Amino acid sequence: MKKLLLLFCFVYSLSAQDSLRYSIDLNRLENDRLRVEVKLPQGVKEFCFPKMVPGTYAIYNFGRYVSNLQAFDASGKVISVVRKDTNTFSFKNASSLSYEVDDTWDSPEIKGTYIFEPAGTNFQADTLFALNTHALLGYIKGREQMPVSLHLNTPKGLVASSSLVTNAGKYVASSYQKLTDAPILVATADTVHLRVGNADILISVYSPNEKIKASEVATQLKPLLKAQLTYLGGHFPVNNYAFLIVMSAHLKNGSYGALEHAQSSFYYLPEDSIAVMGPIIRDVSAHEFFHIQTPLNLHSEEIGSFDFQNPQMSKHLWLYEGLTEYAAQHMQLQGGLISLPQFLERMTEKYRTSNFSYDNAIPFTKMSKGVLGKYKEEYGNVYQKGALIGLCLDLYLRSETNGRYGTQQLIRDLSARFGPDKSFADDDLFKLIAETTRVKGIEQFLSHYVSGSKELPLATLLSKVGCELRSIDGKKDKVAFLDAMKQEFKEIKNPSPSQLKMRQAWLHF
C-alpha cells in the first residue's frame with residue numbers, strides 16, 4: 001500500500017456442500033446500506049469478518065460495519081445468532097445468512113479506526129459503488145481455502161470493473177483470499193484496455209466531474225508499463241491486471257493513495273486535470289504495480305497463509321514495501337522516464353524525511369514485526385528508509401559483482417524459486433538471499449543494516465556510481481536530524497572511469 005500525505009480466474013462447479021456463495025443486489029441500497037445474502041456449506045457454526053487484510057498494516061475490524069445479521073435453517077426458518085465479538089457471529093445448523101453492511105467512506109456514526117479509502121467501500125446509488133469485498137463479505141474460519149462465488153446485480157447504466165472475469169455478474173475464485181484480493185469498481189463506463197507484453201491491462205476511472213478520462217490515464221501508464229516490462233526481464237508474472245481509479249472532489253483527512261492487490265490496484269485520488277494528476281498517477285502506479293513481484297510472487301508464510309483474525313506480521317516490510325518503492329523509482333530511471341538528477345532528488349527527499357520524521361535507530365525487521373502495535377507510527381518509514389535500503393542493497397550487490405547482478409535479478413531469481421503458492425520462512429530470508437546471490441558478505445550486510453541499527457553506508461555505496469551524499473553548507477550539526485536536513489544526493493563532477501562503468505551498469509537494463 002502507498003499512502004500519500006506525505007487473479008486469477010478459476011472455473012468451478014460450485015454447490016452448497018463445497019463452497020461459500022454470496023449475492024449482492026446493488027439496486028437494493030437502503031439507508032446507505034447493502035444487503036448481503038450468503039449460502040453456507042454444511043457444518044458451519046461461526047461466521048467471521050476480517051480484523052485486518054493484507055497490505056493495510058492496520059487493525060480495521062470490518063465487522064463493525066455489519067448489522068442485522070440473521071441465520072436461517074434449511075427450511076428458511078430464522079434461528080438464533082450470538083455475536084461473540086465485533087467480527088464473529090455464532091449459530092447452529094444454519095444453511096444461509098443475511099446481513100446489512102454500511103459503507104466505510106460515509107458512515108461517521110460508526111466509531112473506530114479511520115479506514116484508508118482504497119481499503120474501504122462507498123455506496124452511491126446510480127453513480128458509484130467502490131467495493132473492496134473484504135469489507136463486505138465474511139468467511140468461515142478454517143475454511144478460507146474453500147471455493148467461493150459472488151453474484152453481483154449492478155444497476156442499469158453502470159459497469160463493473162475488476163481483475164476477476166465475470167460471467168453474467170458472477171465472480172468465481174478458488175478461495176476467500178483470492179476473491180477479496182480482487183476489488184470491484186462499479187461506475188459509469190470509462191474504461192480502456194491495453195495489451196502490454198503478455199498482459200491484458202484494464203484501466204477504469206470514475207471522475208464525478210469528468211475532469212479526467214481513462215484514455216488520458218492510459219497515455220500516462222503505457223510508457224510506464226513498457227518500462228516495467230523491460231525491468232522485469234520482458235515478461236510480467238501476471239496475464240491480466242486492473243487499475244481501478246476513483247477521483248474525489250472532497251478528500252477526507254487530506255489523504256489519498258492506493259492499495260495493491262495481486263492483479264489489481266485500487267486508487268483514491270484528488271479530482272483534477274491530467275496535467276496535474278498525471279505525474280502523481282504515474283508515480284503511485286509505478287509502486288503499486290510492482291507489487292506483482294512482492295508479495296505476489298515472493299512472500300513469507302505470514303502473508304501466504306494470512307490470518308484475517310489474528311494477523312502475524314512479517315519482519316520484511318523492507319522487502320515488500322521498501323524494495324518495491326526503490327524498484328518503482330529505479331525502473332523510471334533506467335527507462336528514461338526520469339533523469340539521474342531527478343532520481344537523486346527523490347532519494348534526497350526520502351533521506352531527509354526518514355531522518356526527520358522517524359526513528360532510524362529501530363532495526364527495520366523489529367519495526368516491521370511490531371508495526372501493528374508499538375511501532376505503528378513508524379510504518380511510513382517503509383517508503384523512506386525502506387527505499388534507501390533497496391538502493392544500498394542494489395549498489396552493494398553490483399559493487400561485489402562488477403555490476404552484473406542487482407536487486408532486479410535477485411527478486412527475479414527468488415520469485416522463480418518460490419511463487420504465488422509457495423512461501424518462504426520469515427527467518428530464512430537472509431540465508432536464501434546469500435544462497436541465491438553467492439555474494440560475499442551479503443548476510444553480514446543485511447544483518448548490519450536491516451536487522452541491525454547501523455547507519456546505512458550511503459556515502460560509500462553512492463561513490464561506486466559516481467554520486468555522493470554531501471552537505472549543502474559543509475557544516476555538521478549537533479542534532480543528527482538537523483544535519484540530515486542539510487544533506488543531498490548529487491552526481492560527482494568528474495567521476496573516474498570505474499565509477500562511470502558501474503554507473504552504466506546501474507542505469508541500464
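Not measured: the values here are computed from a predicted model. Along the sequence shown, residues carry numbers from 1.
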Note: P54 and Q177 closest approach over all heavy atoms is CG-NE2, 4.2 Å
List the steps and the verdict of side chain to side chain donor-acceptor pair (under 3.5 Å) for Q334 and Q408. CA-CA 11 Å; Q334 283 197 349; Q408 281 171 267; 3.1 Å; yes
Steps toward side chain to side chain contact (heavy atoms under 4.5 Å, CB included) verdict (E325, V382): CA-CA 9 Å; E325 175 62 10; V382 297; over 6 Å; no
Is it the case that the side chain of N198 and the backbone of N239 share a donor-acceptor pair, with hydrogens and angles ignored and the cut-off at 3.5 Å? no
Heavy atoms of other groups near E210 CD, more than 12 under 6.0 Å: no
When you look at Q342 and S339, which way does the side chain to side chain donor-acceptor pair (under 3.5 Å) test go after all the steps? CA-CA 5 Å; Q342 286 174 313; S339 64; 3.3 Å; yes
Any heavy-atom pair between the side chains of R195 and I201 that's under 4.5 Å? no
Between CD on residue E260 and CG on residue L296, distance to nearest 0.5 Å: 11.0 Å
Ring centroid separation for F356 and Y351, is it under 6.0 angstrom? no
Side chain to side chain donor-acceptor pair (under 3.5 Å) evaluation trace for S204 with D190: CA-CA 6 Å; S204 183; D190 185 14; over 6 Å; no
Is a donor on one side and an acceptor on the other found under 3.5 Å between the side chain of T56 and the backbone of M52? no
Between R417 and D413, does at least one N-O distance fall below 4.0 Å, as a salt bridge requires? no
Worked check of side chain to side chain contact (heavy atoms under 4.5 Å, CB included) between Y256 and I280: CA-CA 11 Å; Y256 60 91; I280 295 173; 4.1 Å; yes
H330 side chain near Y231 side chain, heavy-atom distance below 4.5 Å: yes
Show the numbers, then the answer: is there a ring-ring contact (aromatic ring centres under 6.0 Å, His included) between F236 and F289? CA-CA 10 Å; F236 290 131; F289 187 78; 5.2 Å; yes
Main-chain N/O of D359 paired to E378 side chain as donor or acceptor, under 3.5 Å: yes
Start with the C-alpha distance between W318 and L388, add both sets of side-chain angles, then the distance that settles side chain to side chain contact (heavy atoms under 4.5 Å, CB included), and finish with yes or no. CA-CA 9 Å; W318 70 273; L388 297 175; over 6 Å; no
K211 NZ: over 12 foreign heavy atoms closer than 6.0 Å: yes
Tell me if a side-chain donor or acceptor on Q329 pairs with a main-chain N or O of Y326 at a distance below 3.5 Å. no
Give me the atom names and distance for the closest heavy-atom approach of V192 to A218. CG1-CB, 3.9 Å
Closest contact, heavy atoms only, H299 versus S423: CD2-OG, 3.2 Å
When you measure from the side chain of N209 to the backbone of E271, do you find a donor-acceptor pair of N or O atoms at a distance under 3.5 Å? no
Give a yes or no answer on whether the side chain of R352 reaches the backbone of Q487 with a donor-acceptor pair at less than 3.5 Å. yes
Please report the C-alpha distance between T121 and N132 in whole Å, then the side-chain angles of each, then the deciding distance to 0.1 Å, and finally whether the side chain to side chain donor-acceptor pair (under 3.5 Å) criterion is met. CA-CA 6 Å; T121 53; N132 276 289; over 6 Å; no
Just checking, is any N or O donor in the side chain of D307 or Q312 under 3.5 Å from an acceptor N or O on the other one? no
With rounding to the nearest 0.5 Å, note down the distance linking CG in L179 to CD in E144. 13.5 Å
With under 30° as parallel and over 60° as perpendicular, where do the rings of Y139 and Y176 fit, or are they tilted in between? tilted
Short side-chain to backbone donor-acceptor contact, D181 and A262, under 3.5 Å: yes
Would you check if the distance from the ring center of F308 to the ring center of F306 is below 6.0 Å? yes
Can a side-chain donor-acceptor contact be found between T104 and Y60 if the only test is distance below 3.5 angstrom? no
What are the two closest heavy atoms between V217 and I274, and how far apart are they? N-CD1, 4.2 Å
Hey, is K315 close enough to E302 for a salt bridge, meaning N to O under 4.0 Å? no
Ion pair D283/R346, N-O distance below 4.0 Å: yes
Is there side-chain contact between L397 and F445, with at least one heavy-atom pair below 4.5 Å? no
W506/F343 aromatic ring centres below 6.0 Å: yes
To the closest 0.5 Å, what do you measure between OG (S498) and NZ (K464)? 9.0 Å
With a 4.5 Å limit on heavy-atom distance, are the side chains of S264 and P183 in contact? yes
State, with a plain yes or no, whether a side-chain heavy atom of I442 is found less than 4.5 Å away from one of F430. no
Over 60° means perpendicular and under 30° means parallel, so tell me whether F62 and H134 are parallel, tilted or perpendicular. tilted
In the structure I gave you, are the side-chain heavy atoms of H261 and S163 within less than 4.5 Å of one another anywhere? no
Measure across A182 and S162 and return the closest heavy-atom pair with its distance rounded to 0.1 Å. O-OG, 3.7 Å
Could you state the interatomic distance from CD1 (I184) to CG (L244), rounded to the nearest 0.5 Å? 9.5 Å
Establish, from distance only, whether the side-chain atoms of S415 and N297 form a donor-acceptor pair under 3.5 Å. no
Does some side-chain heavy atom of L221 sit less than 4.5 Å from a side-chain heavy atom of F243? yes
Can you tell me if E455 has over 12 outside heavy atoms packed within less than 6.0 Å of its CD? no
Taking H316 for the side chain and S300 for the main chain, is one N or O donor matched with an acceptor at less than 3.5 Å? no
Below 4.0 angstrom, N of the basic side chain to O of the carboxylate: do K440 and E400 qualify? no
Between the main-chain N or O of E443 and the side-chain N or O of S447, is there a donor-acceptor pair closer than 3.5 Å? no
Keeping S496 on the side-chain end and Q499 on the backbone end, is there a donor-acceptor pair under 3.5 Å? yes
Where E491 and E468 come nearest, the two heavy atoms and their spacing: O-OE2, 4.3 Å
Value rounded to 0.5 Å, distance of CG in L298 from CD1 in I292: 13.0 Å
Going by distance alone, is a donor N or O of one side chain under 3.5 Å from an acceptor N or O of the other, for Y114 and S255? yes
Side chains of Y396 and L461 in contact at under 4.5 Å (non-hydrogen atoms): yes
Distance from E488 atom CD to L469 atom CG, nearest 0.5 Å? 9.0 Å
Decide if the gap between the ring center of Y379 and the ring center of Y57 is smaller than 6.0 angstrom. yes
I'd like to know whether L391 forms a side chain to side chain contact (heavy atoms under 4.5 Å, CB included) with F489, so could you lay out the CA-CA distance, the side-chain angles of the two residues, the decisive distance to 0.1 Å, and finally the verdict. CA-CA 12 Å; L391 170 64; F489 295 59; 4.2 Å; yes
Cut-off 3.5 Å, side chains only: do T294 and T324 have a donor facing an acceptor? yes
